[in-house]
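Notes follow the structure.
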Protein chains: 2
Amino acid sequence: MDLIVGTALKILDEEGAEALSLRALAQRLKSSTATLYRHFTGRADLMARVVDRIIGEMELDRAETATTSWRQACRAAACNMFEVLSRHRNVAPLLGDHIPTGPNAAASREHFLALLLANGFPPDLAARAYALLTRYVLGFAMQLRPDPAATSREEAQFAAAAHGLDPARFPATAAVADSLPVPLEEEFALGLDLLLAGLAQLRDRAPDA
Amino acid sequence: MDLIVGTALKILDEEGAEALSLRALAQRLKSSTATLYRHFTGRADLMARVVDRIIGEMELDRAETATTSWRQACRAAACNMFEVLSRHRNVAPLLGDHIPTGPNAAASREHFLALLLANGFPPDLAARAYALLTRYVLGFAMQLRPDPAATSREEAQFAAAAHGLDPARFPATAAVADSLPVPLEEEFALGLDLLLAGLAQLRDRAPDA
DNA sequence: ACCTGAACACCGTTCAAGT
DNA sequence: ACCTGAACACCGTTCAAGT
């Protein structure tokens, strides 16, 4: 039932990953845990459906795909993936549990691969570029902390600790303390641009055209 | 106690993340759960110490650091990080829970930053390069499945599913089905090389020298 | 002073019993 | 046929009671 998946996602977003127990879910639905098992084989099955639901939130058909370069389209798609995962940061870690196999995952993959193939990537390089970019996005998204407020607090603590280090024992860290810690969202964009530039060169060197 | 952390790591490696309960740990140590709380404030504290333990396994002082280019040294360091996390793949996800603050984490960071600073990276770019590379490695390592055997099975199923897709509905996926799924370990190396090439260019364009 | 059995408030999952 | 309370075998954490 879509209502169950939606309610599970709401609990995940509003109260965090540890708040989503089958008991809490049943309670919100005014049902019982045993009844939930009539719709899903177990917790893992439910989680896989939540994952496909948020993959469905990713926008594939931005106008840019047709009107801009493949690089800008890839960049936009990757950033959009990252944004959706940021909105559901408690769900992102679940993406790593299994290769997504739901209908939305299949549609997303098809769209991305079609974009690459239409822009001169040979099949093998298209598959590798797709895998690299999606794994890059997911890897960064998984490192987003659940709670933005707690993140700021931890970053502030870390920055203070970096400045308080003994410069004799940690000269290099002390020298760059003003730049630590580097915000994850910024870093994501930098690495993405470097990867896209590298993939562009690989494509230009490839046999096809 | 180091013995407790070592035993926890052994359970993690041998039996998986879900097998590590404080009860199981106490049993292996022939103690009780309540006694464990005399050494750690709680589960989170224990996990943070396990994390710093495996950071300590990473080799920082390979001979290459002195004799080869910074790019090869960075590449070796990143690959070594990835290898250590692969050996302890049930621990890798824990690295994302908090910014590592243990002594081994501090030593590793210092070493990496010193390498970059010694090779002409301005402080701000050194911090960003360090953050990017460590996040890249951890992001990929977090996507390693716990059980290699289960991974192979899932990959085989996925490959079969990709070949069985309707080519009319999924033409692009069908066209690259022979190349799916791309092994994560291979993909890691490709992306790493692209990032290092990009960072080299950024450094050469930077004001310092 | 140090340790621990037992309790507390949870979990995912199952099933006999009710409607 | 469909649903569910209650049970089962677990968790992390705490604390009174023992040595």
Practice task
Report the C-alpha distance between A:Tyr136 and B:Phe140 in whole Å, list the side-chain angles of each, state the deciding distance to 0.1 Å, and finish with yes or no for ring-ring contact (aromatic ring centres under 6.0 Å, His included).
Solution key: CA-CA 7 Å; A:Tyr136 176 80; B:Phe140 271 67; 7.8 Å; no
Practice task
Rounded to the nearest angstrom, tell me the gap between atom CZ in B:Phe40 and atom P in D:dT13.
Solution key: 13 Å
Handout entry: Integer-rounded Å distance: C:dC3 C1' and B:Leu29 CG
Key = 14 Å
Exercise for the section: Please state how far atom CZ in B:Arg38 lies from atom P in C:dC2, giving the value in whole angstrom units. Expected result: 6 Å
Practice task
Quick one: sort the B:Phe112 and B:Tyr130 rings into parallel, tilted or perpendicular, breaks at 30° and 60°.
Solution key: perpendicular
Handout entry: Per A:Ser31 side chain, nearest of listed nucleotides C:dC3, D:dT4, C:dC11
Key = D:dT4
Problem - Carboxylate-amine/guanidinium contact B:Glu154 B:Arg145, below 4.0 Å - result: yes
Practice task
Measure the distance from CG on A:Leu46 to P on C:dC11 and round it to the nearest whole Å.
Solution key: 15 Å
Handout entry: Separation of atom OH in A:Tyr37 from atom P in D:dG5, rounded to whole Å
Key = 16 Å
Practice task
Check the angle between the aromatic planes of B:Phe188 and B:Phe82 and answer parallel, tilted or perpendicular using the 30° and 60° thresholds.
Solution key: parallel
Practice task
In whole angstrom, give the distance that lies between atom CG of B:Leu36 and atom P of C:dC2.
Solution key: 16 Å
Practice task
Compare side-chain N and O positions of A:Thr35 against OP1 and OP2 of D:dT4 and report whether any pair is under 4.0 Å apart.
Solution key: yes
Practice task
Provide the Watson-Crick or G-U wobble partner of D:dA16, both distances under 3.5 Å; none if there is no partner.
Solution key: C:dT4
Exercise for the section: Mind calculating the distance between CD (B:Gln27) and P (D:dC10) to the nearest angstrom? Expected result: 11 Å
Problem - Closest to side chain of A:Ser32, choosing from D:dT4, D:dT14, D:dG12 - result: D:dT4
Handout entry: From D:dG5, C:dT13, D:dC11, nucleotide with atom closest to B:Arg23 side chain
Key = D:dC11
Handout entry: Test side-chain hydrogen bond (donor to acceptor under 3.5 Å, both in side chains) applied to A:Thr173 and B:Glu110, B:His111, B:Arg109, the passing residue
Key = B:Glu110
Completion exercise
Judged by nearest nucleotide, the residue sitting upstream toward the 5' end of DNA chain D, B:Ala34 or B:Glu18, is B:Glu18
Exercise for the section: Check the distance between C:dC10's P and B:Arg43's CZ and give it to me in whole angstrom. Expected result: 18 Å
Exercise for the section: Assign A:Ser21 to base, sugar-phosphate, or nothing according to its heavy-atom contacts below 4.0 angstrom with the strands shown. Expected result: sugar-phosphate
Fill in the blank from the handout: Scanning all shown strands, the Watson-Crick or wobble mate of C:dC11 with both distances under 3.5 Å is none
Fill in the blank from the handout: Ranking C:dT13, D:dC3, C:dG5 by distance to the side chain of A:Leu22, first place goes to C:dT13
